[in-house]
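Written below as structure tokens is the structure these notes are about.
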Amino acid sequence: MRATLIGRFLLLAIVWLALLLPLWYWAARWLAAPPIWLAGTLMQAFFPWVDGYEQEGVKAVLHTLVQVRMQGPRGEVFGELAPEVNYPTYGYALVLLWAMLLASR
């Protein structure tokens, strides 16, 4: 009896995930804005080496004052570290949560 309940939950979660994933992907631009804004604002407030951030669609770039040494065409050059994040890569847990909540009723 218990194995069938878990199997039913797993099957329903996969079905809901397949149904919700295209909707989540379509709405990712709006769903990405609040966490990117919050992360960028907090990083600027708490870390003096953060110069700012920018968001373009579902991608965000954190501009820093951290310099890295790299090999250039004419010897060593310095560049600034600018990590980039893509919301669909890290934000898929939201749609997974929705699918599991709907599967659990």
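In this text the structure is predicted, and so the values were computed from the model without any measurement.
- Applying the ring pair (Phe, Tyr, Trp, His ring centres under 6.0 Å) test to every pair with at least one member in residues 84-105, sequence neighbours left out, gives no pairs at all.
- For Arg74, the side-chain contact (heavy atoms from CB on, under 4.5 Å) test picks out no residue, with sequence neighbours left out.
- In this structure, Val77 belongs to a hydrophobic cluster whose other members, linked by side-chain heavy atoms under 4.5 Å apart, are Met70.
- Atom CG of Leu81 is separated from atom CG of Asp51 by 12.5 Å, given to the nearest 0.5 angstrom.
- The nearest pair of heavy atoms linking Thr64 to Ala82 is OG1-N, 4.5 Å.
- Evaluation of the ring pair (Phe, Tyr, Trp, His ring centres under 6.0 Å) test over residues 21-52, restricted to residues two or more places apart or in two chains, returns Trp26-Trp30, Phe47-Trp49.
- Looking at every heavy atom in both residues, Arg29 comes nearest to Gln55 through O-NE2, 4.3 Å.
- Taking CE from Met100 and CD1 from Ile14, the interatomic distance works out to 12.0 Å, rounded to the nearest 0.5 Å.
- Among all heavy-atom pairs drawn from Trp16 and Ala103, the shortest one is CD1-N, 3.9 Å.
- Criterion: ILVMFWY side-chain heavy atoms under 4.5 Å apart, direct or through other members. Under it, Val66 and Val50 are part of a common hydrophobic cluster.
- In terms of the side chain to side chain donor-acceptor pair (under 3.5 Å) criterion, Gln44 has no residue partners (sequence neighbours excluded).
- Cluster membership check: Val85 does not share its hydrophobic cluster with Leu94, using side-chain heavy-atom separations under 4.5 Å among Ile, Leu, Val, Met, Phe, Trp and Tyr.
- Atom CG of Leu17 and atom CG of Leu19 lie 9.0 Å apart (nearest 0.5 Å).
- With rounding to the nearest 0.5 angstrom, the CG atom of Leu101 is 9.5 Å from the CG atom of Leu96.
- For the residue pair Leu20 and Ala99, the shortest heavy atom distance occurs at CD1-N, 3.9 Å.
- Note that CG of Leu11 and OG1 of Thr4 are 12.0 Å apart. Values are rounded to the nearest 0.5 Å.
- The two residues Asn86 and Pro88 come nearest to each other via the heavy atoms OD1-CD, 2.9 Å.
- Not counting sequence neighbours, Glu56 has no partner by the salt bridge (Lys or Arg N to Asp or Glu O under 4.0 Å) test.
- Put simply, CD on Glu84 and NE2 on His63 are 10.0 Å apart, with the number rounded to the nearest 0.5 Å.
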